[in-house]
Number of protein chains: 2
Amino acid sequence: MDYHDNIAALFNPQSVAIVGASATTGKIGNVVFANLLQAGYSGRVYPVNPKSDTILGCPVVRNIAELPEGVDLAVLCIPPAEVAGAVDALGQRGVKAVVVITAGFREVGGDGWFMEEQVKNLANKHGIALLGPNCLGLINTGANLNTTFAVGQPRKGNIAFFSQSGALCVSILDWAQERNLGFSKFISIGNKAVLDESDILAYLAEDPDTKVIIGYVEGVESGQRFLKVARSVTREKPVIMIKSGKTSAGAKAASSHTGAMAGADQAYEAAFAQTGIIRVHALRDLFNLAQAFSHQPLPHGPNVAVVTNSGGPGILAADACELSRLIMASISAPAVEKLKAILPPFAAFYNPVDVIGDAKADRFAGAMEIVLQEENVHSMLVLVSPTARTGVDDVAREIVNVAKRHTKPVFACLMGGPAVAAGRDILLNAGIPCYDFPEPAIKAIEALSRYREWREHSLPVEVCYRRDIGRAKAILQQAREQGLQEIVEFQAHGLLKAYELPIPETRLCRTSDEAIAAARQIGFPVVLKIASPQISHKSDVGGVKVNLKSPEEVQAAFLDITSRAQRLRKEAYIMGCLVQGMVPGGKEVIIGFKRDPQFGPMIIFGLGGIYVEVLKDISCRLAPLSLGDAQAMIREIRSFPLLRGVRGEDAVNFTALEDILLIMSQLSLDFPEIYEAEFNPVLASSKGAWVADVRVILSPD
Amino acid sequence: MDYHDNIAALFNPQSVAIVGASATTGKIGNVVFANLLQAGYSGRVYPVNPKSDTILGCPVVRNIAELPEGVDLAVLCIPPAEVAGAVDALGQRGVKAVVVITAGFREVGGDGWFMEEQVKNLANKHGIALLGPNCLGLINTGANLNTTFAVGQPRKGNIAFFSQSGALCVSILDWAQERNLGFSKFISIGNKAVLDESDILAYLAEDPDTKVIIGYVEGVESGQRFLKVARSVTREKPVIMIKSGKTSAGAKAASSHTGAMAGADQAYEAAFAQTGIIRVHALRDLFNLAQAFSHQPLPHGPNVAVVTNSGGPGILAADACELSRLIMASISAPAVEKLKAILPPFAAFYNPVDVIGDAKADRFAGAMEIVLQEENVHSMLVLVSPTARTGVDDVAREIVNVAKRHTKPVFACLMGGPAVAAGRDILLNAGIPCYDFPEPAIKAIEALSRYREWREHSLPVEVCYRRDIGRAKAILQQAREQGLQEIVEFQAHGLLKAYELPIPETRLCRTSDEAIAAARQIGFPVVLKIASPQISHKSDVGGVKVNLKSPEEVQAAFLDITSRAQRLRKEAYIMGCLVQGMVPGGKEVIIGFKRDPQFGPMIIFGLGGIYVEVLKDISCRLAPLSLGDAQAMIREIRSFPLLRGVRGEDAVNFTALEDILLIMSQLSLDFPEIYEAEFNPVLASSKGAWVADVRVILSPD
């Protein structure tokens, strides 16, 4: 039996044992047990403690061995050294799930690492779904289950929250109180010895009580699995995540915290973008977005209408809108006429619609109704300043009413403190997201709109190219047998051919006469490159000459290249030169991959030369690439206009570049024994794209 | 008498008349008068109303003519059509300052424009310091003066706020209540018919009650004056501003709002950066920063220490820190030892210092004291999660205590809702900025640190280059007399020489023989360019040939250029060709200026070719440039590494480029009759920089 089968028992146990339950107020074993009882859990509970008879009025079980068979969940609040033994004993009693609240494991290093390994192995042996160690516990409001030592019970709702930081959970429970946010599940994942974020995401995807998933992580355990799970979860529900340790200072703090080994942030950025996870970079945004997703439908398009009684904030909203992917909706002429009929002459009838400072609720109501009826408006934001004339509560009630009559998402921003507090409560209780400032409101609407795009976007197109795996394998094997760490162009051509990659016509020539003949057949101008298995950095020995236009130039180049190589690299076996056709008008592009320790192969694209080397203008995606990924990679580099063609040039052949990117992705997944590969340059023109040079670095044995 | 002399009477009047004061509750003339009385204003007050005898218990003056001589301030709450007449009458009674609350002027267009012109002219005639029209009024808490129709009185404090949006003022007063922010002055500037942001800034700079200035504008009235005033104010006090209408959608909304003519946002960005104004892009930041500047001293450096009881938020703070210009301070070995002595073994002793979740106030206090004693720590941020063990109030008190013992700035972040509310009050009352989330706290500390850098930074070095103004003037005059809109290279050389700009050696040659002789003297290779006053886009007619290496190539080029020009531009008077020396290894750079309608000449710098044309990689500053501006402009373009030299190249001569930038700035200010000018290319090498081509576009007459 695998632990995956027991996750349901973790969230919906029929019975719970609290191992280390305590009668002493303030002790964790006491708080946890009290929380469980207070939450109104209706299953059977077994406090386990060798020394007490009853705790909080419940009869005590002396030790694990005395527990009845078939207890679903055990929560451990015992010293770290006793945890492994307890897990083993629980497994023997058939317990399906365990929450280890106890700290002092991997996060403290030393013995902690070993104890955690032990716990993990025992849990896996028994197929126990184990949460923690070093966690706050877990809450399922739907089952009235609270196994945490946090203060207070969260209110019921449709937001599921998971966090790698326990103390953050405490803060968030308290924040949520003030913001009227309700939770379905609340999961402190701690050190992730067994259950990790992927398991939790997979479970929450199926959970009918959960509409929105939000999470805090410092790192991801199994990158490839996370990618797979996340990609499918986001098709069902929005997932909003914050990942800390994104900078070197943060990562340093992160690794001293729970010992998370931070992957490069670029890989995380790619992972979130490719799986449709909404990544936020500030804690506040986690809540602002959760609030919006929790109650509002997704907008059917990017067009926002703003209704305001205050010009300044209206402009700020329009600014924020323009800087986002949203669009300020244009109001139709008939609607403008309707607005003119109900608003004073100095009002603004276009978007933002300014009902001006002396508006009362009825004027707001009229304007909101007209605006929402516009077909071209996909969502509405209402900004309210508490002027002397505004009845903020009445306006709030009208916002609720108008939102009820329509299926479009409606958002509010009540700008003020005490004067708008009651209005805010009216809105939040009715499920209308309410913000303090226009900018975060627009940010939230944008997230909803982008998520809709993600969901509506057809599933990623997986592309598979024909290749001769056997031939490629043989080449790699041969290189390994030769003890090579790197395969140079000359040998790698076989690999390129096995993947049917386009290569400019190339001949290996042993003499200058052969080179001249080859150049004649290929057609001038040509490139000459040194051919030696020992020389990978060809330019360092002057081993490349381009744009050779005549037999004389080819001859001179051949002699120069080979003699120089022999002189500079005495140990090298010089096989001659490669003669290669030149791509007319080609632009140099780099396509490569390197292996990220967390997520596996990360494909890289950039314009060659200084653009990559000096300006670091690259785009990244994790393998496997979809067609859409490849298309996006090419278009998102800053120097993309150069590929599209400037000053009347033709665009390069994008399809040809996409093919090479996708083949690179396939190659990276086919052969884990390749550590890094780089096609550099790839020459792209309007006619196609050719891999003009290649380096392949093998993984250490 | 100028209105500037009367601004003091606006803020500190000995007597106030409320023209249009009303006895009817809810009317603006009633609210304003009631606010004035409620604020406890101790000067004489004169409600003016033709129909009442007493208002709110005060005897009424029937009309302006009956006011005693020498009333300092009048506040107008009367219909727009009556305002001009009232201003004239008030001027005749010797009133020094007027607040026009009435709306219906420039912001509504049509007649409104004319009425506002009238009001402005009459105010100027009488030297009245006039605020508005279309404003909320003004508050001076130090004088118990409140002439607004906002609800509630702000508390006293050291923050001055001015705003172009009236309704925003209302929101902000209400927000401030909740956040415990106190104000010195509160100024709604409305349509800025007379007094504008520059006047207000200049006044507030001298105001002893004001420590921090915050402002909201949609546009700036007089750009050059604003630059001058702002530059000197920020030396005294921090100025934090938000400018809306920064995008085209926002600007559209802005111009329908108060008819502000939005300058290009790039010019505003430059204006704020060059004057040391702290620009924020979201309303929330205005408050977060005001809170920090209001009570805390400036840090003596960028090093921040974070003390936390929650790992996750600690990492988020470290991330935010690294993404800012701040530095996570390193804790010295002796301090780490001291921390180890008082913290449990699983705590983190480096920065962030994690006192872990079960810490009570004493443990926080010990850690904070050790950290603040570190010489290397310039400021401290304390993050508190309300865990079961934390006494948040006690921790808050300890933060206050430790801050009192030190002169370094201390910031707090209490993460939670109801559980931290009391602690937050303790901190805010003691002047410790308290945020909900780590990221805004770091942003605030960064703003303080950057402001310190700005203040400490030596005053901008003004550079003046020798030039022959008379000669330059003559050239421009001649061009104007010839009816030219544009001066081409061939004629503009005189201008370059008048400014002693470095030009590659250049000769005007009428025949190919002359050209060959010139090339021999200059030295090959050379450039040939068509010389004709009618041809400004030389490349369009094939009028430029570069890298000519021999007499033969020069001869061929001469014939080709001149014949082609004659064929393509039959009307042009061809004077021959310019023969110009080439700069070996030079990089092409563009230096130009264009006139911004608000701020005057904006100098532009970029790497030539595709970098400017396709990648839009430019930097901008407003004239006059300081030496520091010129240095920053060169270094802030993305392609700067190419100027610094790649692959072993020498760097270009930065000083030479700085000189040309500074001369361009001087030229732009010397001659308003030049509308745009561009040196393109400027050829820069390690040896120097030369202006290789120039275009000068004249202002329309």
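Just so it is clear, the values below take in all heavy atoms, side chains as well, and ignore hydrogens, waters and symmetry mates. In what follows, every chain begins at residue 1, and chains take the letters A, B, ... in the order their sequences are listed.
- Of the inter-residue distances, the one linking A/Asn288 atom CG with A/Ile442 atom CD1 reads 12.5 Å to the nearest 0.5 angstrom.
- At a 4.5 Å heavy-atom cutoff, the contact between B/Val646 and chain A is made by side-chain atoms alone.
- No more than 12 heavy atoms of other residues, nucleotides or ligands sit less than 6.0 Å from atom NZ of A/Lys443.
- In terms of non-hydrogen atom pairs under 4.5 Å with chain A, the most contact-rich of B/Leu414, B/Val151, B/Thr387, B/Leu615 is B/Leu615.
- When the candidates B/Pro386, B/Ala421, B/Pro641 are compared by the number of heavy-atom contacts under 4.5 Å with chain A, B/Pro386 comes out ahead.
- Using a 4.5 Å cut-off between heavy atoms, B/Asp617 makes no contact with chain A at all.
- Under the 4.0 Å criterion applied to side-chain N and carboxylate O atoms, B/Arg424 and B/Glu178 are not assigned as salt-bridge partners.
- Heavy-atom distances place no part of B/Pro345 under 4.5 Å from chain A, backbone and side chain included.
- In this structure a side-chain-to-backbone donor-acceptor pair under 3.5 Å is missing from A/Ser188 to A/Cys135.
- In terms of non-hydrogen atom pairs under 4.5 Å with chain B, the most contact-rich of A/Ala419, A/Pro313, A/Pro418, A/Ser385 is A/Pro418.
- With rounding to the nearest 0.5 angstrom, the CG atom of A/Asp111 is 11.0 Å from the CZ atom of A/Phe105.
- For B/Ala150, no part sits under 4.5 Å from any heavy atom of chain A, backbone or side chain.
- Distance check: B/Glu439 CD to B/Cys321 SG gives 12.0 Å after rounding to the nearest 0.5 Å.
- When each of B/Gly26, B/Gly112, B/Ser171, B/Cys169 is scored by its heavy-atom pairs under 4.5 Å with chain A, the top score falls to B/Ser171.
- Ring pair A/Phe437/B/Phe287 is tilted by interplanar angle, where 30° to 60° counts as tilted.
- Among A/Leu168, A/Leu283, A/Ile172, the residue with the largest count of heavy-atom pairs under 4.5 Å with chain B is A/Leu283.
- For B/Ile327, no part lies near chain A; criterion is any non-hydrogen pair under 4.5 Å.
- When the candidates A/Ala282, A/Gly357, A/Gly152 are compared by the number of heavy-atom contacts under 4.5 Å with chain B, A/Ala282 comes out ahead.
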